[in-house]
There are 2 protein chains.
Amino acid sequence: MLRGDITVAIRNAVMTELAEVGYGRLSIEAVARRAGVGKTAIYRRWSNKLEMVMEIVSEIAERKVPLPDTGSFAGDLQLLLLIVSTALRHRMASQIIPDLMAEAARNPQIAETLQRALRTHQTAVGEKLIGQAITRGELPRGTDPDVAVDMILGPLYWRLAVARQPIEEDYLEKFTAAVTAALRATA
Amino acid sequence: MLRGDITVAIRNAVMTELAEVGYGRLSIEAVARRAGVGKTAIYRRWSNKLEMVMEIVSEIAERKVPLPDTGSFAGDLQLLLLIVSTALRHRMASQIIPDLMAEAARNPQIAETLQRALRTHQTAVGEKLIGQAITRGELPRGTDPDVAVDMILGPLYWRLAVARQPIEEDYLEKFTAAVTAALRATA
DNA sequence: AAACGGCGGAACGCAACCGTTACGTCGTAG
DNA sequence: CTACGACGTAACGGTTGCGTTCCGCCGTTT
């Protein structure tokens with residue numbers, strides 16, 4: 001029986017190492033070193049760097065995020081923005097996600113794993129959010145959830161993970177107003 | 001005198017290699033191999049992998065892009081979207097940019113180089129675009145160019161470089177309408 | 001008490017790169 | 001015609017990582 005505490009130590013080490021040096025330069029030896037573990041313990045669990053990283057990352061990525069339902073679209077939206085922006089501010093997310101995204105452009109297996117994890121949540125959240133708003137009459141019936149998701153997550157991701165600019169206090173409010181107006185116009 | 005054709009061959013090799021394996025795994029030997037050149041030719045020009053990549057990338061990144069002025073905001077916007085989306089569809093851009101972005105989270109020098117190249121263009125385009133529209137009376141005076149840039153580039157980058165979904169015909173139109181509505185609401 | 005199995009540690013042969021050096025070739029400037 | 005300098009090739013010693021193997025330790029199970 002594989003020891004659970006060792007597995008946990010390895011998982012943590014992989015995530016830390018991933019944030020620090022990225023997938024490309026992540027080495028099994030460094031993971032073992034950081035976890036305070038023999039290489040054998042790792043190879044007893046996974047046979048590859050790729051397999052190891054994918055198993056660990058997708059396990060984390062598939063944790064369900066509770067969908068907001070505050071009673072109004074503006075409330076839902078602001079809460080969602082808050083959740084996403086908080087998540088993206090964390091070092092783990094803001095370093096690991098872009099890194100794996102870049103890697104996904106090269107490795108189909110990474111791409112598939114990531115896309116599944118990401119798109120599943122994405123469309124789920126988008127459709128629920130937009131659906132609720134339409135039911136409430138806050139958005140026109142023809143609103144495109146696809147465009148909506150892009151208009152919501154895109155700027156946030158851009159600003160936090162790409163441009164790496166801070167989000168000031170009034171930004172989220174302006175942004176909420178902008179997105180609401182934008183979505184009404186897509187119908 | 002260093003031979004120009006050799007320099008060109010190296011530059012091309014670096015870009016190709018960068019797209020193929022990413023910065024983290026890019027090796028001088030591989031660049032030399034691909035360029036059909038000795039390692040000595042490379043070390044005669046740059047002393048580092050970092051220095052080499054930075055010099056080459058920033059040279060390319062700083063090429064000026066003509067700013068659109070079609071006479072109307074909708075026209076400007078649609079042209080800009082077309083330019084950016086075409087650029088991001090190219091393998092070079094869609095692989096190298098996210099890769100360097102991810103790397104920038106770790107390496108301050110890469111971050112600084114990239115940010116300068118990116119933000120310079122970004123704010124220039126944004127301010128010109130928004131400024132023109134305000135002058136024409138198409139957008140209210142208080143329109144925030146900062147938010148505007150995020151609302152324009154964010155979704156595009158997200159969709160093309162992150163989610164890697166195609167952009168259908170009617171998407172750009174819907175998107176143009178959405179952005180226009182969004183910006184009117186940020187004042 | 002004995003057997004089992006996961007563990008860390010150490011070492012294996014192999015491969016890739018690093019950054020540097022020495023050498024011989026070849027085109028061009030003087 | 002000569003001298004220079006950029007070039008490719010090859011090799012250097014050193015480092016890092018791969019994936020594997022063997023060992024001895026130790027807690028659990030039986």
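Chain letters run A, B, ... following the sequence lines, proteins first and then strands; every chain starts at 1.
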> Using the side-chain heavy atoms of Thr40(B), tell me which of these nucleotides is nearest: dC7(D), dA22(C), dC18(C).
dA22(C)

> Should Glu103(A) and Arg25(B) be marked as a salt bridge (Lys or Arg N to Asp or Glu O under 4.0 Å) after you check the CA-CA gap, both sets of side-chain angles, and the distance that decides it?
CA-CA 11 Å; Glu103(A) 198 61 33; Arg25(B) 278 195 287 249; 2.4 Å; yes

> From CG of Leu50(A) over to P of dC18(D), roughly how many Å is that when rounded to an integer?
13 Å

> I want to verify a distance call: between dG19(C), dG8(D), dG19(D), whose nearest atom is closest to the Ile28(B) side chain?
dG19(C)

> How close or far is atom P of dC26(C) from atom CG of Asp5(B), stated in whole angstroms?
17 Å

> Provide, to the nearest angstrom, the distance between the CH2 atom belonging to Trp46(A) and the C1' atom belonging to dC18(D).
17 Å

> Between atom CD1 in Ile42(B) and atom P in dG19(C), what is the gap in whole Å?
11 Å

> Given the rule in the side chain to side chain contact (heavy atoms under 4.5 Å, CB included) test, do Leu153(A) and Tyr157(A) qualify, once you have shown the distances and angles that lead to the verdict?
CA-CA 6 Å; Leu153(A) 294 184; Tyr157(A) 183 84; 5.6 Å; no

> Just the rounded figure in Å: distance from P of dC17(C) to CG of Leu26(B).
10 Å

> Taking atom C1' of dC18(C) as reference, at what distance in whole Å does atom CZ of Arg25(B) sit?
18 Å

> May I ask you to verify if any side-chain N or O of Arg3(B) is less than 4.0 angstrom from the OP1 or OP2 atom of dC7(D)?
no

> Starting from P on dC18(C), measure out to CG on Asn48(B) and report it in whole angstrom.
11 Å

> Under 4.0 Å, heavy atoms only, any strand: does Ser47(A) hit a base, just the sugar-phosphate, or nothing?
nothing

> How close do Ala182(B) and Met151(B) get, counting heavy atoms only, and between which atoms?
CB-CE, 3.7 Å

> Please determine, for the side chain of Val37(B), which listed nucleotide (dG17(D), dG8(D), dG19(C)) has the closest atom?
dG8(D)

> May I ask you to say whether Glu127(A) pairs ionically with Arg119(A), meaning some side-chain N is under 4.0 Å from a carboxylate O?
no

> Quick one: on DNA chain C, does Glu29(A) or Ala41(A) contact a more 5' nucleotide (nearest heavy atom)?
Ala41(A)

> Tell me which of Arg45(A) and Tyr43(B) sits closer to the 5' end of DNA chain C, going by the nucleotide each one is nearest to.
Arg45(A)

> Which is true for Lys39(B) with a 4.0 Å heavy-atom rule: it touches a base, it touches only sugar-phosphate, or it touches nothing?
base

> Using a 4.0 Å heavy-atom cut-off, does Arg33(B) contact any base of the nucleic acid, only the sugar-phosphate backbone, or nothing at all?
sugar-phosphate

> For the pair Glu51(A) and Arg45(A), find out whether any cationic side-chain nitrogen is under 4.0 Å from an anionic carboxylate oxygen.
no

> Can you check the Leu2(B) CG to dC26(C) C1' distance for me, whole Å?
16 Å

